[in-house]
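All of these numbers come straight from a predicted model, not from anything done at the bench.
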Amino acid sequence: MQKAKDALLVFTLFITIFSFYYFLSVSIPPFWEDHTFHNRFANAEISDLLKGTFHIGNNNLFYLDRPFFGMYFKIVFWLFKYNFFLHKIVKIALICLCAYVLYIFLRKMLKCSCYAFLITIFSFLSYPFFSNSLQYDLPFTLAELFKLLAIIILIIDIKKKETSFLRQTLIALFAVLAFRTYIQAWSVVGILILFVMIYNWRLLKRYSVLFLILITYNIPFGLLTGVKTMKLYDGLGHASIKDFFITRINVFYNPLSISQNIYYVSFFDILTFFGIWIIVSYMTIKTAHTIFTPKHFSKNNSQNYTMLVILAFVWLICELPILFIAPDPSIRYLSGIMIPFFILFFILVKDYVAISQKIGRKYIIPILIIALIGILATNVFYAYLFRITWGSTFIGIDKTNKYVEQIRSPNSYVLYFSGTVAREMYSLDRTSLDYSFRNDVIYYKGGYADFDENNINNLGKEYEEVYVIKRISTFGKSAYPDIDLDSYENLKLIAIINGNADDFIDMATGTFTELLKLPYTYGEIYVYKLQPVENN
């Protein structure tokens, strides 16, 4: 009976996560910011990528930037070329695999399939995880999978009376693959070491060689010697903590509080009105009831419980530094804390349910269920908003690239605004075999000064054709650049391209918009062409 229940939960887990990512991202093309990485990986030799993965020495932390992800991409690109749909299916499969590994681990630790299922669902359906895992075409999920495997094998080894050379080797291997897949996964080194120190510092002797190897392997020697090699971020000291944890505090009292700018939502937005008040009410009852003493856990499960609580706290501590050095306060930088946060959150919920047996379980549990549904629904809604706003923009830009490629002459210049998205207008040569950019057209990301009428007219004297791109956002109808290009004498509007993909999401959005008369229209791209300019 238990096996049948577990099989049903695993099947439900797979279908839910697969459907969530598939329907909300199927039409969105890859995010262009990573194309520079992909271009390099597609042209790299496997031997160089292997060397980058296992390289030890100066500047090793930033050597080749994500070399193991390079091997993953090189294999996927070799199999599917420019079929981005199949690329996406592979990535969704990796997300489902990562979720399965987490579920199995939590089920064995908590001895409870229900809580293991809930933690996994809430982690992988959280909006930060969604935005980082798929929309930006980053290797985050693959790195998280390796990180999970390293942590799980360490815990298995700790539970054994004697360590195993094979297990320690696998821990080292998966840890290395994690941060050589995605630099931010370097936190796994801190997680492993700090967990052992807090759980049982006497075990440091057992893992001293392993930890020494991991530390030595990844010390950023280039930074220590003063060499400026940290190219991942443009600067330090961003106000990420404020943006993630303090702003939009009205979510405490407003369950319908949502952010118009879905790219920059706070931690409270993710936890939602419902999650905040679960914590507040729990802490109130717990304080009145007793100091944190989980007597309701069986003796057989107490070791697992202790290990899981320590692991979650350590994991959070090691992930939080990214908030100080992230290049901007975008929501995707919260993705790394979602798994450990929801582990702690549901341990809290489990304790809440146990306490409620004495103070009115028939009232507490229904309220908890409603609140948990509210948290999940809000995160799914954020993902949906991301799809119909930023996703609509990506779709429109992809259509624009294809349109310009069809009509332009060889000697062309395409000007777009730098305030849109980094490198978003770069055009891939989809007829090539090596994921290369076109070299027969100039795509220039300009600022306001570049959109001066005289500057655009001067470009017409140097190039056979000049195209100017203007983006209009979905909500708010903000223009990028916010300049009246229609007033320019020599510019002619030749196309207005919308971000409608005609998929399930867009059809449903269009229907709801009409029925409810919502102020929503698809993102639009205005394409202008410079008419012949007379030389004075």
For Thr181 and Pro139, work out which heavy atoms get closest and say how close. O-CG, 3.1 Å
Which residue pairs satisfy the side-chain hydrogen bond (donor to acceptor under 3.5 Å, both in side chains) criterion with at least one member in residues 503-518, sequence neighbours excluded? Ser27-Asp503, Tyr384-Thr509, Arg387-Asp503, Arg387-Asp506
Closest approach of Ala150 and Val188, non-hydrogen atoms and distance? CB-CG2, 4.3 Å
In this structure, NZ of Lys470 is separated from CD1 of Ile525 (nearest 0.5 Å) by 11.5 Å
Roughly how far, to the nearest 0.5 Å, is OH of Tyr416 from CG of Asp450? 11.5 Å
Measure the acute angle between the ring planes of His38 and Tyr435, then classify it against the limits of 30° and 60° as parallel, tilted or perpendicular. perpendicular
Search all heavy atoms of Gly52 against all heavy atoms of Arg180 and return the closest pair with its distance. O-NH1, 3.0 Å
Any side-chain heavy atom of Ile472 within less than 4.5 Å of one from Ser478? no
Check the orientation of Phe18 and Tyr22. Use parallel for under 30°, tilted for 30 to 60°, and perpendicular for over 60°. parallel
On the 0 to 90° scale, with breaks at 30° and 60°, tag the Phe129-Phe124 ring pair as parallel, tilted or perpendicular. tilted
Using only atom types and a distance under 3.5 Å, with no angle test, would you say the side chain of Glu453 pairs donor to acceptor with the backbone of Phe451? no
Pair Glu144 + Lys147, salt bridge at N-O below 4.0 Å: yes
Should Leu177 and Thr53 count as side-chain neighbours, where that means a heavy-atom distance under 4.5 Å? yes
So how far is it from Ile46 CD1 to Trp78 CH2, rounded to the nearest 0.5 Å? 10.5 Å
How many angstroms lie between CG in Asn500 and CG in Asp502, if you round to the nearest 0.5 Å? 4.0 Å
For the backbone of Phe394 and the side chain of Asp398, can you confirm whether one donor and one acceptor N or O come within less than 3.5 Å of each other? no
Return yes if a side-chain donor-acceptor contact under 3.5 Å exists between Thr378 and Tyr127, otherwise no. no
Do Thr389 and Thr393 have side-chain heavy atoms sitting under 4.5 Å apart? no
Give a yes or no answer on whether the side chain of Ser392 reaches the backbone of Gly523 with a donor-acceptor pair at less than 3.5 Å. yes
Flag the pair Tyr21 / Ile89 as yes when at least one side-chain heavy-atom distance between them is below 4.5 Å, and no otherwise. no
Main-chain N/O of Ala44 paired to Lys74 side chain as donor or acceptor, under 3.5 Å: yes
Whether Asn132 side chain and Arg332 backbone form a donor-acceptor pair below 3.5 Å: yes
Considering all heavy atoms, the nearest Tyr382-Ile270 contact: CD1-CD1, 4.3 Å
In chain order, what residues pass the side chain to side chain contact (heavy atoms under 4.5 Å, CB included) check against Thr16, with sequence neighbours excluded? Thr12, Ile121, Leu125
Between the CH2 atom in Trp315 and the CG atom in Leu320, the distance rounded to the nearest 0.5 Å is 13.0 Å
Validation row, ring centre Phe68 to ring centre Phe146 under 6.0 Å: yes
Measure the acute angle between the ring planes of Tyr413 and Tyr463, then classify it against the limits of 30° and 60° as parallel, tilted or perpendicular. tilted
Over 60° means perpendicular and under 30° means parallel, so classify the ring planes of Phe23 and Phe504, tilted if in between. tilted
Taking all non-hydrogen atoms of both residues, which atom of Gly396 and which atom of Ile497 are closest, and how far apart? O-CG2, 4.0 Å
Is the NZ or CZ atom of Lys81 both under 6.0 Å from the centre of the six-membered ring of Phe77 and within 45° of that ring's axis? yes
Phe273 and Phe268: CA distance, side-chain angles, deciding distance, ring pair (Phe, Tyr, Trp, His ring centres under 6.0 Å) verdict: CA-CA 8 Å; Phe273 168 89; Phe268 289 138; over 10 Å; no
Partner set under side-chain hydrogen bond (donor to acceptor under 3.5 Å, both in side chains) for Tyr528, not counting sequence neighbours: Asp486
Centroid separation under 6.0 Å, is that true for the rings of Phe11 and Phe14? no
Near-ring test Tyr522/Tyr520, centroid separation under 6.0 angstrom: yes
